[in-house]
Amino acid sequence: MSRQTNRGTESKKMSSELFTLTYGALVTQLCKDYENDEDVNKQLDKMGYNIGVRLIEDFLARSNVGRCHDFRETADVIAKVAFKMYLGITPSITNWSPAGDEFSLILENNPLVDFVELPDNHSSLIYSNLLCGVLRGALEMVQMAVEAKFVQDTLKGDGVTEIRMRFIRRIEDNLPAGEE
């Protein structure tokens, strides 16, 4: 019995390591294809956005999470369900703005940066920027326009990785005239 459990853990660890290495290869190729880090950052965000737009359907089907009633509830679902489901981590939620429209996700351990060191000539690269795009894309599909950006990154010497989330507006459904 313990052998089967051990095999499942090994398989999960191999899958996460394969994902991490594959992501690293993707970022490396983007760095070769684009002139500067800003273009790579934009491309990672765009790719993440496209992933998020599609990933939300899988998330809603697998998690059985209902509609969130406010941004605080959304933050809890992102941190405690989504990150856990897809990356195996649970970031902490901190630094709420007084208006309740901004918060930070603190990632003590970002699995995307395992085995990674940024070269000196890529100091403005936001290596994990794909995550910001995923968050924006997924939330847009549930009628929430948000801004997501990295404000701290362990790859740049910070103690933790911090993603700052800001609620912009609720997106209204624009149904064609005569349909409800």
Side-chain angles (χ1 to χ4, degrees), residues 19 22-23 26-27 30 33-34 36-113 124-153 155-156 158 160-180:
F19 173 69
T22 303
Y23 182 74
L26 169 76
V27 175
L30 287 172
D33 291 347
Y34 290 91
N36 59 52
D37 290 346
E38 277 306 308
D39 292 339
V40 174
N41 294 339
K42 287 177 187 171
Q43 198 60 27
L44 286 169
D45 182 73
K46 183 178 174 181
M47 293 169 83
Y49 176 86
N50 290 328
I51 290 169
V53 164
R54 289 164 181 76
L55 195 63
I56 189 68
E57 289 181 37
D58 178 68
F59 173 75
L60 292 172
R62 290 177 51 199
S63 69
N64 295 320
V65 171
R67 181 175 281 285
C68 294
H69 299 288
D70 59 26
F71 202 44
R72 284 189 184 272
E73 189 178 347
T74 302
D76 279 342
V77 170
I78 290 168
K80 296 174 183 168
V81 183
F83 269 89
K84 184 76 171 167
M85 184 183 293
Y86 293 107
L87 293 176
I89 60 171
T90 304
S92 55
I93 303 165
T94 61
N95 302 328
W96 276 100
S97 66
D101 62 345
E102 289 187 50
F103 66 89
S104 293
L105 291 169
I106 305 294
L107 288 69
E108 300 290 333
N109 178 25
N110 179 356
L112 292 181
V113 301
S124 60
L125 177 67
I126 305 171
Y127 184 84
S128 301
N129 209 34
L130 183 100
L131 294 177
C132 291
V134 169
L135 290 165
R136 278 188 326 99
L139 290 174
E140 191 172 299
M141 292 298 103
V142 291
Q143 284 75 43
M144 287 185 128
V146 299
E147 176 187 333
K149 65 181 179 184
F150 279 89
V151 293
Q152 290 189 76
D153 193 342
L155 285 179
K156 296 183 179 184
D158 298 317
V160 294
T161 298
E162 178 181 353
I163 300 173
R164 188 75 180 158
M165 300 281 299
R166 183 173 67 89
F167 177 79
I168 298 171
R169 65 183 167 82
R170 178 151 306 277
I171 301 169
E172 300 298 324
D173 285 333
N174 293 325
L175 296 175
E179 291 188 26
E180 292 182 49

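Note that this is a predicted model, so its numbers are computed, not measured.
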Which atoms form the tightest heavy-atom contact between Tyr23 and Leu44, and what is the distance? OH-CD2, 3.6 Å
Shortest non-hydrogen pair, Glu73 vs Arg67, comes out as OE2-O, 4.0 Å
Who are the side-chain hydrogen bond (donor to acceptor under 3.5 Å, both in side chains) partners of Thr94, not counting sequence neighbours? none
Heavy-atom closest pair, residues Val81 and Ser63: CG1-CB, 3.9 Å
Ignoring hydrogens, what is the shortest heavy-atom contact between Asn64 and Ala61? Give both atom names and the distance. OD1-O, 3.8 Å
Any side-chain heavy atom of Met165 sitting closer than 4.5 Å to one from Glu147? no
Taking the side chain as every heavy atom from C-beta outward, state whether Thr74 and Val77 have any pair of such atoms under 4.5 Å apart. no
Check: Lys156 side chain, Leu125 main-chain N or O, donor-acceptor pair, under 3.5 Å: yes
Closest contact, heavy atoms only, Leu107 versus Pro91: CD1-CB, 4.1 Å
Determine whether a donor-acceptor pair (N or O, by modelled atom type, separation under 3.5 Å) exists between the side chain of Asn41 and the backbone of Ile126. yes
Evaluate the side chain to side chain contact (heavy atoms under 4.5 Å, CB included) criterion for residues Leu26 and Met47: first the C-alpha distance (whole Å), next the side-chain angles of each, then the deciding distance (0.1 Å), finally the verdict. CA-CA 11 Å; Leu26 169 76; Met47 293 169 83; 3.5 Å; yes
Asp153 side chain to Ser128 backbone, donor-acceptor under 3.5 Å: no
How close do Glu108 and Val160 get, counting heavy atoms only, and between which atoms? OE1-CG1, 3.7 Å
Within this structure, what is the CG-CG distance for the pair Leu112 and Asn109, rounded to the nearest 0.5 Å? 10.0 Å
For a side chain to side chain contact (heavy atoms under 4.5 Å, CB included) check, start with the C-alpha distance between Leu135 and Val146, then their side-chain angles and the critical distance, and finish with the verdict. CA-CA 8 Å; Leu135 290 165; Val146 299; 5.5 Å; no
Let's go through Phe83 and Leu105 carefully: what are the C-alpha distance in whole Å and the side-chain angles of both, what is the deciding distance for side chain to side chain contact (heavy atoms under 4.5 Å, CB included) to 0.1 Å, and is it a yes or a no? CA-CA 10 Å; Phe83 269 89; Leu105 291 169; 3.8 Å; yes
Roughly how far apart are Lys46 NZ and Lys42 NZ, rounded to 0.5 Å? 11.5 Å
In this structure, CE of Met144 is separated from CZ of Arg136 (nearest 0.5 Å) by 15.0 Å
From Leu139 atom CG to Cys68 atom SG, the distance as rounded to the nearest 0.5 Å: 8.5 Å
Would you mind writing out the side-chain donor-acceptor pairs for residues 53-60 within the sub-3.5 Å range, not counting sequence neighbours?
unit_1	atom_1	unit_2	atom_2	d
Arg54	NH1	Asn50	O	3.0
Asp58	OD2	Arg62	NH1	3.2
Asp58	OD2	Tyr86	OH	2.5

Less than 4.5 Å apart, side chain to side chain, heavy atoms only: is that true for Leu131 and Leu87? yes
Can you tell me which residue among Arg164, Lys149, Arg72 is in a salt bridge (Lys or Arg N to Asp or Glu O under 4.0 Å) with Glu102? Arg164
Report yes if the side chains of Gln43 and Asp33 come closer than 4.5 Å at any heavy-atom pair, otherwise no. no
Parallel, tilted or perpendicular: which fits the ring planes of Phe71 and Trp96, with parallel below 30° and perpendicular above 60°? perpendicular
